[in-house]
Amino acid sequence: MSEDLKNLIGLSRQELADEIARIGEQPFRAKQLWHWIYHQGVTDFAAMSTLNKPLREKLAEHFVVARPEVSRVQTSTDRTRKWLLRFADANEAETVYIPEEDRGAVCVSSQVGCTLTCKFCHTGTQMMVRNLTAGEIVGQFMVARDSYEEWPSPTDGGRLISNIVLMGMGEPLFNYDNVAKAMRIIMDHEGISVSKRRITLSTSGVVPMIQRCGEELGVNLAISLHAVTDEIRDAIMPINKKYPLAELMKACRAYPTNNARRITFEYIMLKGVNDTLADARALVKLIDGIPAKFNLIPFNKWPGSDYECSDMRDIKKFSDFLFEAGYSAPIRQPRGSDILAACGQLKSDSERIRCSRLKERVAAGIEDEEHAPIVG
């Protein structure tokens with residue numbers, strides 16, 4: 001993409017109108033462009049047939065409609081699909097499509113790398129590089145749409161890609177402004193038009209931003225909880241030292257919910273750490289009064305990890321206890337683990353492969369053309 005051309009993906013409606021005004025065009029043109037970019041999914045101005053030819057040529061002189069570059073695509077035996085996406089500065093992140101029977105969700109990253117150091121997460125062992133822009137976040141979803149040929153935007157009932165989960169690389173509430181801008185673009189009813197009821201933001205517990213997210217976006221909230229005491233959560237999720245459980249639960253109780261829209265508490269099952277029936281009882285007590293459901297996640301082992309997955313019989317007992325207490329508590333089936341697309345595995349494989357290629361080039365005396373460090 002030429003550095004002289006501005007990418008229109010990721011601009012708000014007002015920003016798009018401002019750009020159109022800057023080149024001397026009328027405001028209604030911005031609405032037409034919005035439709036072509038986000039409803040039709042068109043990337044070539046020449047294909048925007050409701051615009052006259054001189055305008056199409058003028059737009060092409062100033063702008064592009066550019067997705068992130070697809071560096072690699074992998075499809076799992078269970079139909080999970082993972083894209084390694086490269087951005088304009090050569091940094092990369094991963095995006096995953098998780099299929100269900102007749103629809104599925106796109107798992108979107110919000111940062112290159114991660115600022116958190118959750119001990120059970122492979123992504124968290126990789127350095128933070130930068131926040132993703134609104135355009136790079138929206139672009140991930142558009143790449144998935146391209147892959148499944150879901151343009152123009154179908155109605156909700158006919159969508160293969162029906163949901164978005166902000167559960168990829170990074171902590172979305174540490175990049176709130178860009179995430180919020182991207183979600184407003186995605187929710188816009190004249191474009192991509194994904195309902196806020198079909199968007200879930202997962203946070204490790206950035207307490208000050210949870211209220212703002214609820215007030216401004218109103219999307220579904222998921223909390224990466226994983227422990228029922230501050231002592232254990234401090235050890236496996238250092239962010240708990242800054243925002244302990246009492247503060248986190250207070251923020252959850254204030255989040256806009258109802259019986260139809262509950263907060264999801266994600267709970268990774270770690271053998272001998274958080275998986276006893278006593279933990280399950282404490283969990284029910286901890287979230288008392290919060291419209292809640294649980295997502296029990298068998299731990300995905302990765303090289304160098306000190307943890308083991310709980311025995312399946314213990315996970316089942318844990319799940320049964322929560323069900324009997326009146327909560328939905330399914331055991332998440334690992335998806336895409338054969339392509340390292342499962343929970344906590346994002347980016348690790350792509351980084352390992354790239355480092356291997358780099359070593360091969362250096363050994364052969366070839367200068368590294370990929371100068372920007374890709375860490376995640």
Side-chain angles (χ1 to χ4, degrees), residues 1-71 83-93 95 106 108-112 129-153 164 175-194 369-372 374:
M1 184 178 77
S2 171
E3 293 180 3
D4 299 328
L5 302 181
K6 189 177 188 70
N7 190 3
L8 296 182
I9 290 178
L11 299 186
S12 68
R13 275 187 177 270
Q14 184 59 53
E15 288 169 339
L16 184 58
D18 291 344
E19 289 296 330
I20 294 305
R22 183 174 64 81
I23 63 170
E25 295 295 329
Q26 295 298 311
F28 75 91
R29 295 298 191 189
K31 185 173 183 178
Q32 290 178 307
L33 268 175
W34 189 275
H35 172 83
W36 281 110
I37 294 169
Y38 294 119
H39 180 74
Q40 297 289 348
V42 171
T43 59
D44 184 357
F45 293 114
M48 298 181 181
S49 56
T50 59
L51 308 180
N52 61 55
K53 186 176 180 181
L55 175 58
R56 297 198 301 265
E57 293 173 347
K58 187 177 185 180
L59 289 169
E61 291 172 1
H62 292 87
F63 308 115
V64 291
V65 180
R67 314 274 202 264
E69 177 189 345
V70 179
S71 291
W83 299 268
L84 175 63
L85 301 180
R86 176 173 295 193
F87 305 109
D89 63 356
N91 277 305
E92 295 174 326
T95 305
V106 175
V108 173
S109 294
S110 56
Q111 297 177 312
V112 178
V129 178
R130 65 172 175 84
N131 288 330
L132 293 177
T133 67
E136 290 165 339
I137 295 168
V138 174
Q140 293 175 66
F141 185 78
M142 298 178 85
V143 165
R145 275 276 191 88
D146 293 344
S147 186
Y148 288 95
E149 300 181 351
E150 285 213 332
W151 302 106
S153 292
I164 296 175
N175 186 22
Y176 177 77
D177 288 341
N178 286 324
V179 165
K181 184 179 180 183
M183 291 307 104
R184 290 189 183 103
I185 291 170
I186 283 172
M187 290 188 289
D188 190 292
H189 69 282
E190 293 183 349
I192 293 173
S193 189
V194 175
E369 75 283 2
E370 299 173 284
H371 55 277
I374 309 301

Side-chain donor/acceptor of Thr95 to backbone N/O of Trp83, under 3.5 Å | no
State, without any angle test, whether Arg29 and Gln26 hold a side-chain donor-acceptor pair at a distance under 3.5 Å.
-> no
Indicate the atoms forming the closest heavy-atom contact of Ala93 with Ser109, along with that distance.
-> CB-CB, 4.2 Å
Would you indicate whether the side-chain heavy atoms of Ile137 and Asn175 approach each other to under 4.5 Å?
-> yes
Is it true that Lys6 and Glu15 make a salt bridge, defined as a side-chain N closer than 4.0 Å to a carboxylate O?
-> no
Does the side chain of Val65 come within less than 4.5 Å of Val42's, by heavy atoms?
-> no
Taking atom CZ of Arg130 and atom CG of Asn91, what is their separation to the nearest 0.5 Å?
-> 5.5 Å
Short side-chain to backbone donor-acceptor contact, Arg86 and Glu69, under 3.5 Å | no
When every non-hydrogen atom of Asp146 is compared with those of Arg67, the smallest separation belongs to OD2-NE, 2.8 Å
Phe63 and its side-chain contact (heavy atoms from CB on, under 4.5 Å) partner, picked from Ile23, Asn7, Leu5 | Ile23
Enter the distance from Asp18:CG to Ser12:OG here, rounded to the nearest 0.5 Å.
-> 7.5 Å
Closest heavy-atom contact between Lys181 and Ala134?
-> CD-CB, 3.7 Å
For Leu11 and Trp34, which heavy atoms make the closest approach, and how far apart are they?
-> O-CZ3, 3.6 Å
Is Lys31 close to Glu190 at the side-chain level, that is, under 4.5 Å between some pair of heavy atoms?
-> yes
Any side-chain heavy atom of Phe87 sitting closer than 4.5 Å to one from Thr133?
-> no
Where do Leu8 and Tyr38 come nearest, in terms of heavy atoms and distance?
-> O-OH, 3.8 Å
Derivation of the side chain to side chain contact (heavy atoms under 4.5 Å, CB included) call for Val112 and Glu136 | CA-CA 11 Å; Val112 178; Glu136 290 165 339; over 6 Å; no
Evaluate salt bridge (charged side-chain N to carboxylate O under 4.0 Å, His left out) for Lys58 paired with Glu61, printing each intermediate quantity in order.
-> CA-CA 5 Å; Lys58 187 177 185 180; Glu61 291 172 1; over 6 Å; no
How long is the gap from NE2 on His62 to CG on Leu59, to the nearest 0.5 Å?
-> 9.0 Å
Nearest-0.5 Å distance that lies between atom CG in Asp44 and atom CZ in Arg56 = 9.5 Å
About how many Å separate CG of Leu33 and CD of Glu19, when rounded to the nearest 0.5 Å?
-> 11.0 Å
Residue pair Gln140 / Leu132, side-chain heavy-atom distance below 4.5 Å | yes
Shortest non-hydrogen contact from Ala144 toward Val106 = CB-CG2, 3.7 Å
Going through the checks in order, is the side chain to side chain contact (heavy atoms under 4.5 Å, CB included) test met by Met142 and Ile37?
-> CA-CA 10 Å; Met142 298 178 85; Ile37 294 169; 4.2 Å; yes
